[in-house]
2 protein chains.
Amino acid sequence: METRELRYFVAVAEERHFGRAAERLGIAQPPLSRAIQQLERRVGARLLDRTTRGVALTEAGAVLLAEGRAALDAVDAAERRARRTHDGAGLVLVSKAGASEELLAKLLDAYAAEASAVEVDVQLCGPGQQERLLRDGRADVALLHRPFDATAGFDTEDLTTEGQAVFLPAGHPLAARGPLRMADVAQEPLPRWPLPDGSYPDGPGPRVRDTAQLRQLVSLGRAIAVLPESARHGLADDVVAVPLVDAPPVTTVIAWPAHSRSRALADLVRVAGRL
Amino acid sequence: METRELRYFVAVAEERHFGRAAERLGIAQPPLSRAIQQLERRVGARLLDRTTRGVALTEAGAVLLAEGRAALDAVDAAERRARRTHDGAGLVLVSKAGASEELLAKLLDAYAAEASAVEVDVQLCGPGQQERLLRDGRADVALLHRPFDATAGFDTEDLTTEGQAVFLPAGHPLAARGPLRMADVAQEPLPRWPLPDGSYPDGPGPRVRDTAQLRQLVSLGRAIAVLPESARHGLADDVVAVPLVDAPPVTTVIAWPAHSRSRALADLVRVAGRL
DNA sequence: CTCCGGTGATACCTCTGGGGTATGGGCGGG
DNA sequence: CCCGCCCATACCCCAGAGGTATCACCGGAG
């Protein structure tokens, strides 16, 4: 199976429409139809149910969509990592903006002190995007937070575990009370995080893309946030953090693709483990 | 990057020789040379150092070889799993021959009793091959044994942990003594297991491919074996198992590709977790 | 030093098959 | 019932993958 065929299939499966998929791929619709037919012959299975209104995935098609996305990411990763190796670029570390800031700073300092340290390119992103970056080779290593981020398919090492706290504007009624419970904040307008496809769930609450944005909204009195304790690091005094005693603990882990074997990555992980 | 290019590159990188790689690929050498040049232009990096005696990998080439193999496995997996879904085939479970036999039997029985059970195709193989089968889609789920098997990149769930024992022919001098220590068997001719590439390390000791073979050799008095305790299950009385008190414990885990989401697999894992 | 064998690269040809345009067939909605 | 939307088919073109013949280069044997 060629990656071209797989890319074509993924486009059609996602658009559920040959015309739109062809446009997205920059080709005409008829060759796309033919390519999918050829792919179906090759796989030996019908992948799409065609109707006059569009297409639907068969069971086999759904499997090929899921597995094919992973395969395309792996191919992209191979190309990107080879190119970056040639360019002499260092490691790309990805972390959620505003999360584990202190830990990240310590890690970067400690690693930079190593004799064999290479340049570390830090990339910040919103939640749920790190896994994708790690999978398609745009990043080499990530800081993830269990149980929020999926660590499936990566090698990981636990770094720290901490409780969560409620972050409130200084004047908020709950700010004066002692430690809170989940029930205390159940009625508050919690922010909405994007789903994996980039859209937001319906409902009240402001839309946020990362913790840094959220911090600003809290400071503006437009939202309250439930975040790991360490998010209080570097906070101005217009936001207060109140421990949330019955929230599940959050573990920060360092994660990397399972088959990675580079010296630089191994050093970074070793340094992280010693923090 | 097309899978064809990647396959060509992996062949040349493995053979370290354009002529042999071309033969293996079933094409002539000149188009292979051109394809690699085109790949190097596309990646933007020299991947091979050509000499008049053959080729050597550059650093970028080594990265592309490692990542490319994983990517090709992922592409193969996508195709195989889609085909098997269409054919209505059930799950393929792979386990090492002779290992965890009782656990495997219980798992298969318990799963078969589920209302929504599908057919489970059991495939037995030698050590170190399960990961490959899981990665390239020839299997859906595996029983692995930590710390012997690499579980990196898979989702896993621990099933049982057990100690190891020495398996001896009934008349062996050590068979009469009580529990043994590692030092007691250090001088014995332990069997040689194949390396990941299929070859065997140099040295004394018989070559074995799986635990079932090994059991027969022990019974014939040609070898002694260090295996998890559960390997004593179903053993004839011409072989005795003596506990090895200071051997590292072995954990049997059930493992599956991280992105697998099939109902049948989820059921099987759930059943395994309840054993 | 020369020559030979083996290695990858180049030149040039062939023809497969991927992509384009034009058009057909079939179904749902107004 | 007809129009519009959507995917499939027919047919053409040419980029590019693959083949053969040959070259250029280097190491080693004599």
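Lettering of chains follows the sequences in order, A, B, ..., and the numbering in each one begins at 1. Treat the numbers as computed from the prediction; the structure is a model and nothing was measured.
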| request: Please name all residues satisfying side-chain contact (heavy atoms from CB on, under 4.5 Å) with A:Val118, sequence neighbours left out, ordered by chain then number. | output: A:Leu91, A:Tyr111, A:Ala264
| Do B:Glu40 side-chain atoms and B:Leu47 backbone N/O form a donor-acceptor pair below 3.5 Å? | yes
| message | Give me each pair satisfying salt bridge (charged side-chain N to carboxylate O under 4.0 Å, His left out) with a member in residues 54-65 of chain B, each pair once, sequence neighbours excluded. | response | none
| query | Can you list, by residue number, the residues of residues 30-45 of chain A that have a non-hydrogen atom closer than 4.0 angstrom to DNA chain D? | reply | A:Pro30, A:Ser33, A:Gln37
| query | Which ones in residues 9-19 of chain B lie close to DNA chain C, meaning a heavy atom under 4.0 Å from one of its atoms? | reply | B:His17, B:Phe18, B:Gly19
| field | Opening and closing nucleotides of DNA chain D in contact with chain B, under 4.0 Å to non-hydrogen atoms | value | D:dA17 to D:dG27
| request: With sequence neighbours excluded, tell me which residues meet side-chain hydrogen bond (donor to acceptor under 3.5 Å, both in side chains) with B:Gln129. | output: none
| field | Given DNA chain C, 5'-ward residue of the pair A:Gln29 and A:Gly26, judged by closest heavy atom | value | A:Gly26
| field | B:Asp140 and B:Leu93, any side-chain heavy atoms less than 4.5 Å apart | value | no
| request: State, without any angle test, whether A:Asp267 and A:Ser116 hold a side-chain donor-acceptor pair at a distance under 3.5 Å. | output: yes
| salt bridge (charged side-chain N to carboxylate O under 4.0 Å, His left out) contacts in which one or both residues fall within residues 116-131 of chain A, not counting sequence neighbours | none
| Axis-to-axis angle between the two ends of the helix from C:dC1-D:dG30 to C:dG30-D:dC1 (five base pairs per end, rounded to 10 degrees) | 20°
| field | Donor on one side chain, acceptor on other, B:Gln37 and B:Ser33, under 3.5 Å | value | no
| query | Mind checking what makes side-chain hydrogen bond (donor to acceptor under 3.5 Å, both in side chains) contact with A:Glu2, not counting sequence neighbours? | reply | B:Thr3
| Short question: side chain of B:Gln130, backbone of B:Leu143 - any donor-acceptor pair under 3.5 Å? | yes
| message | For A:Arg222, give me all partners under side-chain hydrogen bond (donor to acceptor under 3.5 Å, both in side chains), at least two apart in sequence or on another chain. | response | none
| message | Under 4.0 Å from a heavy atom of chain A: give me the 5'-most and 3'-most nucleotides of DNA chain C that qualify. | response | C:dG18 to C:dG28
| message | Give the residues of residues 48-57 of chain B touching DNA chain D, defined as any heavy atom closer than 4.0 Å, sorted by residue number. | response | B:Thr52, B:Arg53
| query | Under 3.5 Å, is there a donor-acceptor pair between the side chain of B:Arg80 and the main chain of B:Arg138? | reply | no
| task | Ignoring hydrogens and angles, tell me if any N or O in the side chain of A:Asp49 forms a donor-acceptor pair with the backbone of A:Thr58 under 3.5 Å. | result | no
